[in-house]
There are 2 protein chains.
Amino acid sequence: MGQRPTICEPMLTTPTTTRDKLLRAALEIAARDGLEAATTAAIASAAGVAEGTLYRHFPSKDDLLIEVYRGIKRAVFEAISDGEAGGEAPDARLKRVWRKLYEAYRSDAEAFMFGQRFAESSLSKREGGAAHEQIAGAVSRLRAAGIERGLFKDLPGDLLANLFFAPVGHMLKTELKGRRWTDAELDATAEAVLDSWRA
Amino acid sequence: MGQRPTICEPMLTTPTTTRDKLLRAALEIAARDGLEAATTAAIASAAGVAEGTLYRHFPSKDDLLIEVYRGIKRAVFEAISDGEAGGEAPDARLKRVWRKLYEAYRSDAEAFMFGQRFAESSLSKREGGAAHEQIAGAVSRLRAAGIERGLFKDLPGDLLANLFFAPVGHMLKTELKGRRWTDAELDATAEAVLDSWRA
DNA sequence: GTCTATATTTGGATAGAC
DNA sequence: GTCTATCCAAATATAGAC
């Protein structure tokens, strides 16, 4: 247990089976050069297998990519939900959950980039739902508890959710361009997100 | 002057020339079905011209798409910068600029979607810079003025910029899924963004 | 299960007539 | 400037041997 799960864990950073090699190869290529670059030839080559082999494991290239996305969503969910300790006040918990989400994505920047690109592609029609949508429930409960105690603004759930999630992606993209946020800066950001919720 | 410019104005919602028809067709297809769907065949067909004609106006398909993106960036910049009236205090101005930016994007949701998809595609390597990057200067000046008067948190410019811009995209995407934000809700959002900046 | 070879389709781009 | 016809390259997917 003590083993902290990273985003890529379920799809293995160092994959062993052919199937996992294909999944990871697709993830890395698409994250680096865009979804269009993840052709069957490129994926198979990077995975070190023949192109035809891909079709022994997946019915189509799109299905492979969708499987990658599913794995990411699953992993983000697991990474977050184990930090859902109770006890704390809503405002303190909001900050912690935000940091936790950020750390989860940061631990596998490639998975994050893949998720971004996938969500903007036409494939998202077949497998919708943002990667962090899984933890929307937790954020929603946080909101209810905070409003009840007069800590948070009494605004619609989807509006507050946007204010919560939006900075995550922006901060990460900035980081992928080489700007490393310090712990203090991330703390200040979490605090700022909290301020945007505060009554 | 009195004529308020919308995002799509420079690329004409109802294009007349063949060139503009091609640009608009590409924008609409990519916004609706993803960049991959904007093939030369699809673009030419939607524009009501032959495929070969496309190459009389653009050296390549990618150049056409890049031209669409440039047009959007130009239009967003114009839509915002004419609202840069002085006089107000930094906190009041922050709210107004945020609302203005949001309205600009909302006035042409398809242009916004195109921008999102383009930015996530590999084409962004050739024509970088987010569409709203043009107004980063205004936001930066706002920050300096506000910090000087002790109104805003003394945090790095790029951090505050993220907090400012991030909710715009999220709110718009929600809206494209059918959730129409009321004026009061947008006002509350602008206020929340301001709160995240406040010292 | 994996490889090699190949079929099939599609998309980007050009040539040449009008 | 536009259209029709066509070329070429690349990408998805399949067939069949090992």
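Below, each value reflects all heavy atoms present in this structure, side chains not excepted, and no hydrogens, waters or symmetry copies. Sequence lines set the chain letters: A, B, ... in the order given, protein chains first and strands last, and positions in each chain run from 1.
Here the nucleotide nearest the side chain of A/R56, chosen from D/dT2, D/dT12, C/dT2, is C/dT2. Taking every side-chain heavy atom of A/A50 into account, C/dC3 is the closest of D/dT14, C/dC3, C/dA13. Of the listed nucleotides (D/dC3, D/dA13, C/dA13), D/dC3 has the atom at the smallest distance from the side chain of B/V49. Distances from the side chain of B/T39 to the nucleotides C/dG12, D/dA11, C/dG16 place C/dG12 closest.
Here the rule is side chain to side chain contact (heavy atoms under 4.5 Å, CB included) with A/T189, and of B/L160, B/L159, B/N162 only B/L159 fits it.
Residue A/L35 contributes atom CG, which lies 15 Å from atom C1' of D/dA11 at whole-angstrom precision. To the nearest angstrom, C1' of D/dA13 lies 12 Å from NZ of A/K61. At whole-Å resolution of the value, CG in A/L64 and C1' in D/dT12 are 13 Å apart. Atom CG of A/L54 and atom C1' of D/dA11 are 12 Å apart (whole Å). Counting to the nearest Å, the C1' atom of C/dG11 and the CZ atom of B/F58 are 18 Å from each other. Look at CG on B/D20: it is 16 Å from C1' on D/dG1, rounded to the nearest Å. What separates NE2 of B/H57 from C1' of D/dG1 is a distance of 7 Å, to the nearest Å. Rounded to whole angstrom, the span from the CD atom of A/E51 across to the P atom of C/dA5 amounts to 13 Å.
Distances shorter than 4.0 Å separate none of the side-chain N or O atoms of A/T18 from OP1 or OP2 on C/dG1. In this structure, A/T40 does not reach the D/dA11 phosphate: none of its side-chain N or O atoms is under 4.0 Å from OP1 or OP2. Taking side-chain N and O atoms only, A/Y55 has a distance below 4.0 Å to OP1 or OP2 of D/dA13.
Remark on DNA chain D: of its neighbouring residues A/P59 and A/E36, the 5'-side contact belongs to A/E36, judged by nearest-heavy-atom nucleotide.
Although no hydrogens or angles enter the test, the distance criterion places no donor-acceptor pair under 3.5 Å between the side chain of B/E103 and the main chain of B/K100. Here the side chain of B/W197 pairs no donor or acceptor atom with the backbone of B/K153 at under 3.5 angstrom.
Nearest heavy atoms, B/S124 versus B/F118: CB-O, 3.6 Å. Residues B/A25 and B/I43 share a closest heavy-atom pair of CB-O, 3.8 Å.
Within the 4.0 angstrom heavy-atom criterion, base atoms lie near A/T53.
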